[in-house]
2 protein chains.
Amino acid sequence: MSFSIKEASERLGCPAHTIRYYEKEGLLPFIKRDEHGNRLFEQQDLHWIKLMTCFRATGMPVAALKKIVDLAIAGPQTIPERRLLLENHKQELKRRQQELDDAFEAVDYKLSVYNEIENGKLDAKHGDFKMDDGTQ
Amino acid sequence: MSFSIKEASERLGCPAHTIRYYEKEGLLPFIKRDEHGNRLFEQQDLHWIKLMTCFRATGMPVAALKKIVDLAIAGPQTIPERRLLLENHKQELKRRQQELDDAFEAVDYKLSVYNEIENGKLDAKHGDFKMDDGTQ
DNA sequence: ATAAGCCTTAAAGCGTACTTGAAAGCAAGC
DNA sequence: GCTTGCTTTCAAGTACGCTTTAAGGCTTAT
């Protein structure tokens with residue numbers, strides 16, 4: 001069971017060009033090829049790409065993924081270091097979670113100000129622009 | 001009560017150059033100047049910059065902030081449109097929250113795999129690299 | 001046999017958001 | 001009066017992650 005780059009792309013919702021780019025960057029060190037040099041993706045490759053996409057979407061740089069791959073190639077004795085990298089990313093996830101919570105609060109506050117202005121409870125000049133939509 | 005750009009920068013933890021860049025982009029349309037042309041930041045300006053920083057950190061593009069500022073300048077009749085922009089950002093926040101949740105799960109799964117390898121419960125070749133740290 | 005549709009590589013280009021650098025002006029302290 | 005340290009503007013540079021382009025090759029359908 002192996003897939004062409006197009007099938008991989010469709011299953012992952014990720015452009016084929018991006019997958020090639022990842023391979024070029026060393027994030028996919030062992031992708032097999034058919035007799036014409038075409039890439040053959042196994043289920044495991046798709047899993048790994050999906051995992052990388054998940055980490056990328058939450059702010060892990062391509063370079064960090066590359067480092068994890070290089071450590072994995074080096075062997076299981078690098079697991080402590082890899083664990084550290086993941087723990088660091090987990091801290092980063094927590095930081096971002098806090099940022100999201102702050103942003104939710106800010107958005108809701110702003111929406112409530114808009115409502116008060118429209119209900120006439122707040123002077124537009126004061127509550128609208130002067131307060132924080134750009135300052136005055 | 002007004003602040004120099006350096007004071008603003010220190011209070012916000014945001015480089016002075018970045019604040020100037022925001023002004024140039026139209027995100028700070030009404031920053032006052034002293035008799036020498038130096039920027040004078042009021043408390044309200046700092047609040048607005050802080051709010052923008054909060055939105056930026058959670059993925060709102062500079063262009064979207066610019067649009068909000070332009071609408072605010074246009075007057076309170078643009079509040080429905082501004083509300084829409086904020087509602088959209090709120091949806092984006094929810095999307096990112098889900099991404100973070102997925103990433104937490106993925107990190108924890110990976111960490112548990114590392115633990116199993118180190119405890120000898122899992123073959124390194126299988127559970128470590130072959131499973132998903134790079135694929136093989 | 002020729003066009004369609006997939007694949008390959010290498011290189012250049014692009015978008016976003018800063019970030020840095022250069023040149024110069026004003027003000028206070030020694 | 002000269003240095004220090006702030007400020008200004010404008011322009012160029014940087015970082016990251018794709019994304020697009022170009023040139024070409026194989027395979028299958030018409």
Side-chain angles (χ1 to χ4, degrees), chain A residues 2-42 45-46 48-69 89 92 96 99 103, chain B residues 2-42 45-46 48-69 89 92 96 99 103:
Chain A
S2 52
F3 310 99
S4 73
I5 195 162
K6 198 192 182 204
E7 290 163 336
S9 163
E10 280 161 1
R11 275 157 200 266
L12 294 164
C14 174
H17 266 113
T18 302
I19 298 175
R20 292 196 195 97
Y21 163 72
Y22 285 167
E23 198 198 21
K24 203 181 69 180
E25 292 301 305
L27 270 40
L28 299 168
F30 298 123
I31 298 296
K32 296 200 188 86
R33 303 290 182 123
D34 70 8
E35 64 275 20
H36 303 299
N38 292 355
R39 292 171 184 81
L40 288 179
F41 296 87
E42 314 270 320
D45 301 318
L46 302 194
W48 173 236
I49 297 171
K50 203 175 165 193
L51 188 65
M52 290 198 295
T53 302
C54 170
F55 287 169
R56 286 280 311 112
T58 53
M60 183 178 285
V62 167
L65 290 168
K66 163 79 167 149
K67 187 154 202 174
I68 290 173
V69 169
H89 189 54
E92 175 67 16
R96 287 179 184 238
E99 282 179 343
Chain B
S2 53
F3 309 98
S4 73
I5 195 162
K6 197 192 181 205
E7 289 165 334
S9 164
E10 281 161 359
R11 275 157 200 267
L12 295 164
C14 173
H17 265 113
T18 302
I19 299 175
R20 290 195 196 96
Y21 163 72
Y22 284 167
E23 198 199 20
K24 201 180 70 181
E25 293 301 306
L27 270 40
L28 299 168
F30 297 124
I31 299 295
K32 296 200 188 88
R33 304 289 183 124
D34 69 9
E35 64 274 21
H36 303 298
N38 292 355
R39 290 170 185 82
L40 289 177
F41 295 87
E42 315 270 319
D45 301 318
L46 301 194
W48 173 236
I49 297 172
K50 203 175 165 194
L51 188 66
M52 289 197 295
T53 301
C54 170
F55 287 169
R56 285 283 310 111
T58 53
M60 182 179 285
V62 167
L65 288 168
K66 163 79 167 152
K67 186 153 201 174
I68 291 173
V69 169
H89 189 55
E92 175 67 16
R96 287 178 184 239
E99 283 179 342

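Each chain gets a letter, A, B and so on, in the order its sequence line appears, and its residues count up from 1. We use all heavy atoms of the structure for the numbers below, so side chains are in, but hydrogens, waters and symmetry mates are not.
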(Q) By the salt bridge (charged side-chain N to carboxylate O under 4.0 Å, His left out) test, which pairs, at least two apart or in different chains, include something from residues 52-67 of chain A? (A) Lys66(A)-Asp70(A)
Show me the donor-acceptor pairs, under 3.5 Å and distance only, between side chains in residues 10-17 of chain A and residues at least two apart or in other chains.
none

**Q.** N/O donor-acceptor pair under 3.5 Å between Thr53(A) side chain and Ile49(A) backbone
**A.** yes
Q: Do nucleotides 9-21 of chain C as a string where each nucleotide becomes B, S or -: B if the base has a protein heavy atom under 4.0 Å, S if just the sugar-phosphate does, - if no protein is that close.
A: B-------BBBBB
(Q) I'd like to check the side-chain contact (heavy atoms from CB on, under 4.5 Å) partners of Arg96(B); sequence neighbours left out, ordered by chain and number. (A) Leu100(A), Glu92(B), Glu99(B)
Q: Could you check how far NZ of Lys6(A) sits from P of dT8(C), rounded to whole Å?
A: 13 Å
(Q) Restricting to ring pair (Phe, Tyr, Trp, His ring centres under 6.0 Å), what partner residues turn up for Phe55(A), sequence neighbours left out? (A) His89(A)
Q: Provide the start and end nucleotides, 5' to 3', of the part of DNA chain D that has atoms under 4.0 Å from heavy atoms of chain B.
A: dC6(D) to dT9(D)
Q | Nearest heavy atoms of Leu40(B) and Asp45(B), plus distance in Å | A | O-OD2, 4.0 Å
(Q) For Phe41(A) versus Ile5(A), what's the shortest heavy-atom pair and its separation? (A) CE1-CA, 3.5 Å
Q. Got a sec, which pairs hit salt bridge (charged side-chain N to carboxylate O under 4.0 Å, His left out) with one end in residues 13-23 of chain B, sequence neighbours left out?
A. Glu23(B)-Arg33(B), Glu23(B)-Arg39(B)
